[in-house]
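Below is one structure, written out as structure tokens; comments come after it.
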Amino acid sequence: MSTTETQWKTIIEPFKIKSVEPLGFSSRTERKKLLERAGYNLFNIPADKVLIDYLTDSGTNAMSSAQWSAVMRGDESYAGARSFFVFESAIQKITGYKKVIPVHQGRAAERILFAVIGGPGKYVLANTLFDTTRANVEGSGSVAVDLPVKSAGEFQTQAPFKGNMDLKALEQTINDVGAQRVALVLMTVTNNAMGGQPASIENLKGVRKICSRYRLPFLLDAARFAENAYLIKMREPACRSLSIPEIARRMFDLADGCLVSAKKDGLTNIGGFMALNNEEWVRKAKEILILGEGFPTYGGLAGRDLEAIARGLEEVLDEEYLKYRIRSVEYLGKGLKKAGVPIVEPPGGHAIYVDVRSFLPHIPPYQFPGQALACALYLEAGIRSFEIGSLSMGSGTIESGQFTPAKMELLRLAMPRRVYTQSHIDFTIEVFGKLAAEKKKIHGLRLINDSKTLRHFTARLSPLP
Ligand code: F0G
């Protein structure tokens, strides 16, 4: 039976559970102390003191029994391991790209790529870069420019493809900076930094056209390519009758290559790759790879990791899985809205983003409302989430007189894949209902130690009265 062939209202988890892991129960008194000790930074909380962990969907996936058996087939040879060829051919089959380079995780692919094509005076244009991608572009001396569609910033609008690139702005920017200075056009699918929203085939075609006209390379940051493909099937009428692998292939066909963190749609706990057609880039990338990651047939991974990724990439394209996956995220979103919590609409692929500016208008951006909510959620029930607002995306502090707020104040609840069930989500909704009823009791925070790069990882804060 396939639930796609029937009219059942209930969409079930398409797996049964063979191996379980206990959740981290704790008391409120304990959590209060832990928060103080952690400097109100949830990265400093021991994971076994977290009940439900929505910090990230990255590397937190449950592997299938087929992946675990593939792990046992891992060939750990230094060079030319059989597992590399399994990995390479799985990726070639899905993407159609000629050359595959494994790396230990997505940001290693970013660092290598921008060492090859970046550098001072160059530009990288994107729908929106993820923060490590931006840091690697800027680390190479290049300038990163985000060109999302306008609707991406309008949280209440129900537009289906808020992950799209603003095509007019893309062409305008190419003309403004000069095509010869554009190192790359990159589409992040789905667009993690802007609500996990998908990009459409139509928009990718538009980007392709512009890139061809100006002879610019076009890559995908395809960490969540399968979720993007499923949302295309649901939301883009022209693609409704295509299978998920067909849609994924259309996405890849429109670009010249991809960077992938396999810790998301690879359904594994570590790994990544770049897949490219440009032989010159591949040659240079391999030289850098050997310095930092290892020989090009393992790239910082064990043979068993390569096997698990190859199998994960196959499993993630299963429509029954994606239906459950996207439905779980949507279910959390709908529940939160019912509980009086505004979210970024419509729910995207991997996470629900709470619109904290609307939810907690009494906390100004310089008191880090997203982080205040993250701490309140942890204190209330041990649930861990991730602030995407003035702490992680802004700079300076009000006390230093140099505070720059982020464009948005969001709280991301990212769903690990195949890990939690509906009752975990129901519980989360119930906790948010309590927070919504008592939201005036949530107070802002003060940042005690500031740092220039990715400060949210090391930040220490204290509660304001
Ligand atoms: N690109 C996107 C779109 C990502 O979301 C991430 C990671 C990366 C690249 C980097 O990959 O972690 O394997 O080095 N995102 C995680 C997150 C960390 O929580 O969203 P990585």
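Both ligands and their constituent atoms are indexed starting at 1 by order of listing.
Ring pair F386/Y54: centre-to-centre distance not below 6.0 Å. Ring to ring, Y324 and F15 are close: their centroids are under 6.0 angstrom apart.
In this structure, R224 is part of the shell of residues with a heavy atom less than 4.0 angstrom from ligand 1.
The option from S261, A193, S58 that lies nearest to atom 13 (O) of ligand 1, judged by heavy atoms, is S261. Residue D221 holds the heavy atom nearest to atom 2 (C) of ligand 1 of all those in D221, D57, I388, N192. Nearest to atom 15 (N) of ligand 1 by heavy atom, out of K264, H104, K263, is K264.
For the salt bridge (charged side-chain N to carboxylate O under 4.0 Å, His left out) condition, the pairs that include at least one residue of residues 370-386, sequence neighbours left out, are R28-E380, D53-R384, E380-K434. Evaluation of the side chain to side chain donor-acceptor pair (under 3.5 Å) test over residues 269-281, restricted to residues two or more places apart or in two chains, returns E280-R283.
Annotation for ligand 1: atoms under 4.0 Å from non-hydrogen atoms of T188 are 3 (C).
Under 4.0 Å from ligand 1, heavy atoms of Q105 appear from its side chain as well as its backbone. Counting heavy atoms closer than 4.0 Å to ligand 1, residue R412 contributes side-chain atoms (C-beta onward) but none from N, CA, C or O.
Applying side chain to side chain donor-acceptor pair (under 3.5 Å) to E345 and the options Q156, K337, K162 leaves one that passes, K337.
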